[in-house]
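In what follows, a structure is listed as structure tokens, so that the remarks can point back to it.
Lettering follows sequence order; numbering is per chain, from 1. Everything numeric in this text was worked out from a predicted model, so none of it was measured.
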Number of protein chains: 2
Amino acid sequence: MDERKKRVLSAIINDYIANAEPVGSRTITKKYDLGVSPATIRNEMSDLEDEGYIEQPHTSAGRIPSAKGYRYYVDHLMRRERLSAAQLRQIREFMASGLSEMDHFMRACCNMISRMTNYTAIAAIPERSSGRIVNLQLLPVNERQVLTILLTSSGLVRYKLLDLPSLAESRELPLLEQRLQQALVGSELSAVSTERLHELIQELQLRERMQEQVIGLLEQTLAPEESRRVFTGGVMNMLSQPEFRDIDKLKGLFSLLDEDGRVKELLAKASPEDSVLTVTIGGEIPVEGVQDCSLVVANYFVDGERAGSIGVLGPTRMSYGRTVSLMEQIAAELSRTMSGKEK
Amino acid sequence: MDERKKRVLSAIINDYIANAEPVGSRTITKKYDLGVSPATIRNEMSDLEDEGYIEQPHTSAGRIPSAKGYRYYVDHLMRRERLSAAQLRQIREFMASGLSEMDHFMRACCNMISRMTNYTAIAAIPERSSGRIVNLQLLPVNERQVLTILLTSSGLVRYKLLDLPSLAESRELPLLEQRLQQALVGSELSAVSTERLHELIQELQLRERMQEQVIGLLEQTLAPEESRRVFTGGVMNMLSQPEFRDIDKLKGLFSLLDEDGRVKELLAKASPEDSVLTVTIGGEIPVEGVQDCSLVVANYFVDGERAGSIGVLGPTRMSYGRTVSLMEQIAAELSRTMSGKEK
DNA sequence: TGTTAGCACTCAGGGAAAGAGAGTGCTAAC
DNA sequence: GTTAGCACTCTCTTTCCCTGAGTGCTAACA
């Protein structure tokens, strides 16, 4: 693809991103100074269409980028847009504001991103986060219930209120707690499998009928809590996008965003384990409901291992340059902040 | 209003609720057997319109209920609809499934209601919930952070990860924890004001520079956590309502539902402190964005005091009979379940 | 006096027709 | 290889007309 074709493609995509309307040859000569006449542009456009980079909604309309066109743009033409000082400051302030609890932190992060981009932000924390168990407590709430609390070095707090099946056991709680602490505090979360728990219970030599209760208890506490490991922000921004004037499209998209499982699947499919940033365009994602969307996903890492994914979902006609810069910055800061946390 | 007028109004409202289309005189004679001709119905309708119970979108259309009409219907004509056995069972099962943590419980409750009604459910837990402090713990996470955990008799678990301004203090934590427990465990949450905390700190005779830190710590822990005291469910159901085919209306409504503060305001304005169930119709609520909606709010009580509000937001054309029955049932069960919890 | 049939009238919604405008593709000249 | 000119295509908008639903009014009826 020669230089001028690239400039034409760039112009078409940039204009379409800005105005959401098919771009004609005259528009290009007027707004983007390529030094040639509309007729020449038309020839180039005709070529670009033959090669599949752009398409025509109908004969008498301008051209719009195709998925292939966007792909080429993202891979070769796109300029990263420098973040404004104000934005940088906002991100830094946010990171410094303390990520006390993962929950609030991620929710707030999604909100910040959605406000900055005017798109929708989605995030997921992986199933079992890395980190060591820092503390494990069993707090009796009343005769029938116990609150188990798990603290990890990555700043994750997990608690679960569990029902005790029999009153008798509550008397043995302090002892149980002590033993569990001895056994588990300090170990890597990832090392605590169901098998390990079974062994542990054996070692503890508990009364038989209590064994499975305790295992259940711990498993539930350690179990990844599906529900709150997926976050979204700025879903409503989609309402302002002209491509979602159509209620049925909205429905499809929103029903997707409403289901944590499908959001997680989306993030997983859109970003390889070890990539920092992935841009997925339109139909490239094999997930129902996001055909007209693009997704910019960033992974952040702690100790070289992926600690989570966070992404921006917008119309295919999204402002890639801005979004990519922003997400690179955010991922970097997240990695830094979370690693700092570890120490 | 005579008997026949009531029947006509009922017919109009029931039909409009079912079909979302203006109701004509012929439709009424055909579908609702009133034993009179369309012409007679027309006369009645003309009267009803003069009195403001119904209105005409345009000359050649049927009639639709006005806010006043709905109000009369809800107050005098509406039949409560018996819940199906399946629904009752679902509710009971849900209540029995354990309200381990308020958060998940309320979220799940909203989801259940929205599934049952196909409308949107909103809920709020009041600022400072009733109940006694059952346990208060300060768990050191690392040198710089402490996790404060507060357990209340109403089953509420609140935790907050707090930064310690200086390392020195962390050594004094166990002592502090012990003293705070002695002083606070057992007291009513509502009795713990900022003033009380100040007194308490005085009594504890802490080193001066630690005093305000501890107060801050406790205040933050006790402080109502705005963010997660408001819940919504089934927001997307609104997309299926014909009255929200219009994107701009949707935007107004969704932006309201997106802001916890405004949702809380809505619930508060829509239900008097001591009422069990309140139906608010259309413009009756002085809140931007819900002009085309009605709201059925139920309060539930623990120890005679309001423990929270939960409501259904739907189009003015909502199925009041069904919704009211459902919410009465839910509120009753909530009151029962939460009171049971106390013991 | 209340009810009904008949009829003229009104108005939204849908479809067809016409015109405007945007944009292209092709041809021929530069 | 580039450009001007021009015919052509197709959408979008506006206008017009027609249809159908539903009303309100009047006069007759019980």
Side-chain angles (χ1 to χ4, degrees), chain A residues 1-9 11-16 18-66 69 242-243 245-247 317, chain B residues 1-9 11-16 18-66 69 242-243 245-246:
Chain A
M1 173 142 18
D2 70 27
E3 199 51 41
R4 196 172 60 191
K5 269 210 183 62
K6 288 184 188 174
R7 293 188 60 192
V8 172
L9 182 56
I12 291 174
I13 296 187
N14 286 328
D15 200 79
Y16 189 66
N19 304 313
E21 260 161 35
V23 189
S25 53
R26 248 178 71 82
T27 313
I28 294 183
T29 48
K30 263 194 294 184
K31 293 211 271 183
Y32 306 85
D33 187 25
L34 302 198
V36 289
S37 77
T40 311
I41 303 288
R42 280 205 288 280
N43 289 332
E44 299 285 26
M45 284 165 92
S46 183
D47 290 357
L48 283 170
E49 185 168 9
D50 289 343
E51 291 158 38
Y53 292 108
I54 56 181
E55 46 201 31
Q56 238 178 335
H58 54 264
T59 341
S60 72
R63 306 302 213 289
I64 60 174
S66 67
E243 26 274 283
R245 294 251 97 199
D246 178 24
I247 295 264
R317 185 187 62 77
Chain B
M1 176 149 4
D2 69 28
E3 199 50 41
R4 195 172 63 191
K5 269 210 182 60
K6 286 184 189 173
R7 294 187 62 191
V8 172
L9 182 57
I12 293 173
I13 296 187
N14 285 329
D15 200 81
Y16 190 66
N19 305 313
E21 261 162 36
V23 189
S25 53
R26 248 177 70 83
T27 313
I28 293 184
T29 47
K30 263 195 294 185
K31 292 210 272 183
Y32 306 84
D33 188 25
L34 301 199
V36 289
S37 76
T40 310
I41 302 288
R42 280 205 289 281
N43 289 331
E44 298 285 25
M45 285 165 91
S46 181
D47 291 355
L48 283 170
E49 185 167 10
D50 289 344
E51 291 157 39
Y53 293 107
I54 55 181
E55 47 200 32
Q56 240 178 334
H58 54 264
T59 341
S60 72
R63 305 304 213 289
I64 60 175
S66 66
E243 24 274 283
R245 296 247 103 210
D246 178 23

Would you kindly give the [atom1]-to-[atom2] distance between [X] and [N], to the nearest whole Å?
| X | N | atom1 | atom2 | answer |
| --- | --- | --- | --- | --- |
| B:Glu21 | D:dG22 | CD | C1' | 13 Å |
| A:Gln56 | C:dG23 | CD | P | 11 Å |
| A:Glu55 | C:dG23 | CD | P | 17 Å |
| A:Lys30 | C:dG23 | NZ | P | 8 Å |
| B:His58 | D:dT23 | NE2 | P | 10 Å |
| B:Arg63 | D:dA21 | CZ | C1' | 13 Å |
| A:Asp47 | D:dT2 | CG | C1' | 14 Å |
| B:Ile28 | D:dA21 | CD1 | P | 17 Å |

Answer whether the closest heavy-atom distance between the side chains of [X] and [Y] falls below 4.5 Å.
| X | Y | answer |
| --- | --- | --- |
| A:Ile54 | A:Ile64 | no |
| A:Arg63 | A:Tyr16 | no |
| B:His58 | B:Pro22 | no |
| B:Thr29 | B:Leu34 | no |

- Query: More than 12 heavy atoms of other residues, nucleotides or ligands under 6.0 Å from CG of A:Asp2: is that the case?
  - Reply: yes
- Euclidean distance, A:Asp33 CG relative to A:Ile28 CD1, rounded to 0.5 Å: 12.5 Å
- Taken to the nearest 0.5 Å, the spacing of A:Asp50 CG from A:Met45 CE works out to 12.5 Å
- Do you know the tightest heavy-atom contact between A:Gly69 and A:Leu9? O-CD2, 4.4 Å
- Item | Between B:Tyr32 and B:Asn14: side-chain donor-acceptor atoms closer than 3.5 Å | no
Ignoring backbone atoms, establish whether [X] has a side-chain N or O less than 4.0 Å from OP1 or OP2 of [N].
| X | N | value |
| --- | --- | --- |
| B:Thr59 | C:dC11 | yes |
| A:Arg26 | D:dT3 | no |
| B:Ser60 | D:dG20 | no |

- Task: With a 4.0 Å heavy-atom cut-off, tell me which residues in residues 36-46 of chain B come close to DNA chain C, sorted by residue number.
- Result: B:Val36, B:Ser37, B:Ala39, B:Thr40, B:Arg42, B:Asn43
- Query: Looking at five pairs on each end of the helix from C:dT1-D:dA30 to C:dC30-D:dG1, what is the angle between the two axes, given to 10 degrees?
  - Reply: 20°
